[in-house]
Structure formats: C-alpha cells, structure tokens
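Residue numbers start from 1 in every chain, and the chains themselves are labelled A, B, ... in the order their sequence lines are given, proteins ahead of strands.
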Amino acid sequence: MKPALREQILTILAAIPEGRVTTYGRIAAMTDGATPRLVARALRELPEGHALPWFRVITASRRLAEHPGAPEQRQRLLAEGVPFDTRGRVTAEALWP
DNA sequence: TACGTGACCATCG
DNA sequence: ACGATGGCCACGT
C-alpha cells in the first residue's frame, strides 16, 4: 500500500528546518516507495500560493537542480543563512537530517 | 499497451 | 574532484 506518496513527500518537505536542506533522493528514501524523480515532479506541480519550503530541496551533489525557479531558490537559501561554498555547492553541514 | 520525458542518482574514468 | 554516462521509473499521452 502506497497511499498518496505525494502526501508523504509534502509532509517531509514541511518538516525540513529553516536553514537546512535535504536532497530529492533522501526525501524519496523516507517515503514508502517514491523515487527522486517523483519528488521533483511533486515540487514542480505545487500550486503558486503554497507555504511549503520547496527551495530547501537540492541534488545529491549538493547543487541546485536546473529549473526556472533556481535563481530564486538560491536567493531564498542565502536569505535564511544556508552557506554555499565558492563553487556554488551547499556545505555538507547544512544537510538535513 | 508503448513510448517519451524529466527540479535525479550512482558509478566510472 | 568533476563531468560524462547509463540506469531507473512513475506519469502523461
């Protein structure tokens, strides 16, 4: 049984603390069978006005995925104190859990 | 049913 | 350490 993987994904998303980030793959692994691509897809389809921290999700290589909102994502992470190294990678300490 | 797609990932050179 | 490569797999059409 895999009731609304999407719901599990969003629940986990909502639990990521401010100032921390996690990856598509890690979120997927916490659910009952979602894949990283499904996580990405769930984020892409989020409605406009939602309050979920979509910007706290990055790739396994600790970079921002390529998508239209990437510039805003970078800005929002910086704004809440997530440190980036010189080459645009989020520092390992910012990873959640 | 079949096929293309993608906000990915692990592996390898 | 970093880019290229191939795999994976749920979804929509």
Task: Closest non-hydrogen atom pair between Phe84(A) and Thr91(A), with its separation - done: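 Taking Phe84(A) first and Thr91(A) second, the nearest heavy atoms are C-CG2, 4.5 Å.
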
Does any part of the side chain of [Y], heavy atoms only, come nearer than 4.5 Å to the side chain of [X], both counted from C-beta?
X        : Y        : answer
Leu38(A) : Tyr24(A) : no
Ile58(A) : Gln73(A) : yes
Thr22(A) : Arg56(A) : no

Open item on the list: Counting primed atoms plus P, OP1 and OP2 as sugar-phosphate and everything else as base, spell out the protein contacts along nucleotides 6-13 of chain B at 4.0 Å heavy-atom distance: B, S or - for each nucleotide, 5' to 3'.
Closed with: BBBSS---

- [ ] Take Val82(A) and Glu80(A), measure what side chain to side chain contact (heavy atoms under 4.5 Å, CB included) needs, and give me the verdict at the end.
- [x] CA-CA 6 Å; Val82(A) 174; Glu80(A) 66 178 33; 4.2 Å; yes

